[in-house]
Amino acid sequence: MPELPEVETIRMGFEKYLVGKTIEDVEVRLPKIIQSGNIKNLVGGKIIKIRRFGKVLVLDLDYKLSLVVHIKLTGQFIYQGPDRPKESEISKKYVGNVPNRFTHVIIKLKSQNSKVKSGQTSFLYYNDIRQFGWIRVVPTDEVEKSPFIDKLGPDPIRLSSQVTLTLDNFRQILESKKTAIKVLLMDQKKIGGVGNIYANDALFLAGIDPRRPAGKLLSHEAMKLYWAIIEVLKRGLKYGGATEANYVNILGEPGGYQKHFLVYGKENQPCPNCGGKIIKTRINGRGTYFCPHCQK
DNA sequence: CTTCACGCCTGTCAGC
DNA sequence: TGCTGACAGGCGTGAA
């Protein structure tokens, strides 16, 4: 499911294929996806920069307007254009033809960069099966104080976001909290970008029981967990994200991290460390996987 | 202040 | 075969 590594993979795809292109037209098929602002105001703007804040993507246009997107659980961006790699070179496993019945927004782009012959058109399709995702049009200088982004905690991975989670920062977040550590890791107001998959795997890597009160972690455990979070996010990124249901990058390719899950989704399967059974429980209504032998 | 259930949606899968 | 219900998870909301 889309968490920091998946969204960052999309961001890199946008950087590669969208920067330098001009928005020629926007078609909205499901108006509720556009939560605020007038998307038609983007027409004529040139995409100059792609940013990410936690799980939120921001496309900055040259005339001080930005497209802000949260793809939530089932959002997909699919790019179709003359500068795509040959179809034989990419995996299309999860994406059929676009547009399809889940395509809610279509952005028509005009190429103006040197990679593609000037004037050629390409398309960016936004698909979202469950329609939880949202798109907002916000003036660029107001993006950081716009709803949701304004409350987002620091990001554990540098790359593109502006605030980085430091170890001191992380320790302060845990301090004297009674909340289960896993709940805290997934709280976007505390840390930006970590969701269920990476929270489960980070806690396993750090050898910490997800149910433990955050404030009760010992100093060395907090440090271990801090590095474990960064490590699992980096692994996710290395494999192009995790495809559980329908996450794909902007070419329509699935990620590969699902083949390298440590404990997530592995109920009753052997622990990669001790070989014991991984158990599944629920914390705050979320599926939680851990090895009771290795995680204390 | 925190915690927790629910709503938003639809696809998928287990069980009957 | 077809129906029903549980489940998936991000986040806002409102009640406890």
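Quantities reported herein were computed from a predicted structural model and do not represent experimental measurements. Naming: A, B, ... by sequence-line order, numbering from 1 per chain.
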Student: When you compare C:dT1 with B:dT10, how far apart are their P atoms, in angstrom units rounded to a whole number?
Tutor: 24 Å

Student: For a quick test of your reading: what N or O donor-acceptor pairs under 3.5 Å do the side chains of residues 53-63 of chain A make, sequence neighbours left out?
Tutor:
{"from": "A:D60", "atom 1": "OD1", "to": "A:R51", "atom 2": "NH2", "distance (Å)": "3.1"}
{"from": "A:D60", "atom 1": "OD1", "to": "A:S66", "atom 2": "OG", "distance (Å)": "2.5"}
{"from": "A:D60", "atom 1": "OD2", "to": "A:R51", "atom 2": "NE", "distance (Å)": "2.8"}
{"from": "A:D60", "atom 1": "OD2", "to": "A:R51", "atom 2": "NH2", "distance (Å)": "3.4"}
{"from": "A:D62", "atom 1": "OD1", "to": "A:K46", "atom 2": "N", "distance (Å)": "2.9"}
{"from": "A:Y63", "atom 1": "OH", "to": "A:N41", "atom 2": "O", "distance (Å)": "2.8"}
{"from": "A:Y63", "atom 1": "OH", "to": "A:L42", "atom 2": "O", "distance (Å)": "3.3"}
{"from": "A:Y63", "atom 1": "OH", "to": "A:V43", "atom 2": "O", "distance (Å)": "2.7"}
{"from": "A:Y63", "atom 1": "OH", "to": "A:G45", "atom 2": "N", "distance (Å)": "3.3"}

Student: Restricting to nitrogen or oxygen on both sides, can you table the protein-nucleotides 8-10 of chain B pairs closer than 3.5 Å?
Tutor:
{"from": "B:dC9", "atom 1": "OP1", "to": "A:K32", "atom 2": "NZ", "distance (Å)": "2.3"}
{"from": "B:dC9", "atom 1": "O5'", "to": "A:K32", "atom 2": "NZ", "distance (Å)": "3.0"}
{"from": "B:dC9", "atom 1": "O4'", "to": "A:R130", "atom 2": "O", "distance (Å)": "3.4"}
{"from": "B:dC9", "atom 1": "O2", "to": "A:R130", "atom 2": "NE", "distance (Å)": "2.3"}
{"from": "B:dC9", "atom 1": "O2", "to": "A:R130", "atom 2": "NH2", "distance (Å)": "3.2"}
{"from": "B:dC9", "atom 1": "N3", "to": "A:R130", "atom 2": "NH2", "distance (Å)": "3.0"}
{"from": "B:dT10", "atom 1": "OP1", "to": "A:Q131", "atom 2": "NE2", "distance (Å)": "3.3"}

Student: To the nearest angstrom, how far is A:K178 atom NZ from B:dC4 atom P?
Tutor: 13 Å

Student: Let me know the distance between CD1 of A:I283 and C1' of C:dC7, rounded to the nearest Å.
Tutor: 17 Å

Student: Are A:F77 and A:F14 an aromatic pair, judged by ring center distance below 6.0 Å?
Tutor: yes

Student: With sugar-phosphate meaning primed atoms plus P, OP1 and OP2, does A:G285 contact a base, only sugar-phosphate, or nothing at under 4.0 Å between heavy atoms?
Tutor: nothing

Student: Write out all pairs satisfying side-chain hydrogen bond (donor to acceptor under 3.5 Å, both in side chains) with one or both partners inside residues 261-276 of chain A, taking only residues at least two apart or from two chains.
Tutor: A:E244-A:Y264

Student: What do you reckon, is NZ of A:K296 surrounded by more than 12 foreign heavy atoms closer than 6.0 Å?
Tutor: yes

Student: Expressed in whole Å, how much space separates the C1' atoms belonging to C:dC3 and B:dC8?
Tutor: 24 Å

Student: For the pair A:D201 and A:R235, find out whether any cationic side-chain nitrogen is under 4.0 Å from an anionic carboxylate oxygen.
Tutor: no

Student: A:L73 CG to B:dG7 P: how many Å, rounded?
Tutor: 17 Å

Student: With P as the reference atom in both, quote the distance from C:dT13 to B:dC9 in angstrom, rounded to an integer.
Tutor: 15 Å

Student: Under the salt bridge (charged side-chain N to carboxylate O under 4.0 Å, His left out) definition, can you give me all pairs with a residue in residues 34-44 of chain A, not counting sequence neighbours?
Tutor: A:D25-A:K40

Student: Treat a base pair as Watson-Crick or G-U wobble with both distances under 3.5 Å, then lay out DNA chain C in dot-bracket form, 5' to 3', with | for cross-strand pairs.
Tutor: .|||||||.|||||||

Student: For the side-chain hydrogen bond (donor to acceptor under 3.5 Å, both in side chains) test, which of A:N196, A:D209, A:N284, A:D187 pairs with A:K182?
Tutor: A:N196

Student: How far does CD1 of A:I149 sit from CZ of A:R52, to the nearest 0.5 angstrom?
Tutor: 11.0 Å

Student: As a test of understanding, state which of A:I34, A:L30, A:I135 forms a side chain to side chain contact (heavy atoms under 4.5 Å, CB included) with A:H104.
Tutor: A:L30

Student: So does A:R11 pair up with A:E8, basic N to acidic O under 4.0 Å?
Tutor: yes

Student: Rounded to the Å, how far apart are A:N246 CG and B:dG11 C1'?
Tutor: 9 Å

Student: Nearest whole angstrom, please: distance from the C1' of B:dC6 to the CG of A:N284.
Tutor: 13 Å

Student: Check the distance between C:dG10's C1' and A:I191's CD1 and give it to me in whole angstrom.
Tutor: 16 Å

Student: Atom NZ of A:K190 and atom CD of A:Q172: how far apart are they, to the nearest 0.5 Å?
Tutor: 13.0 Å

Student: Mind checking A:T74 for me? I need base, sugar-phosphate or nothing, with any heavy atom below 4.0 Å counting as a touch.
Tutor: nothing

Student: Are A:F261 and A:F204, when compared by the centres of their aromatic rings, separated by less than 6.0 Å?
Tutor: no

Student: Rounded to whole angstroms, how far apart are CG on A:L57 and P on C:dG10?
Tutor: 16 Å

Student: Can you give one letter per nucleotide of nucleotides 11-16 of chain C, going 5' to 3': B for a protein heavy atom under 4.0 Å from the base, S for sugar-phosphate only, - for none?
Tutor: BS----

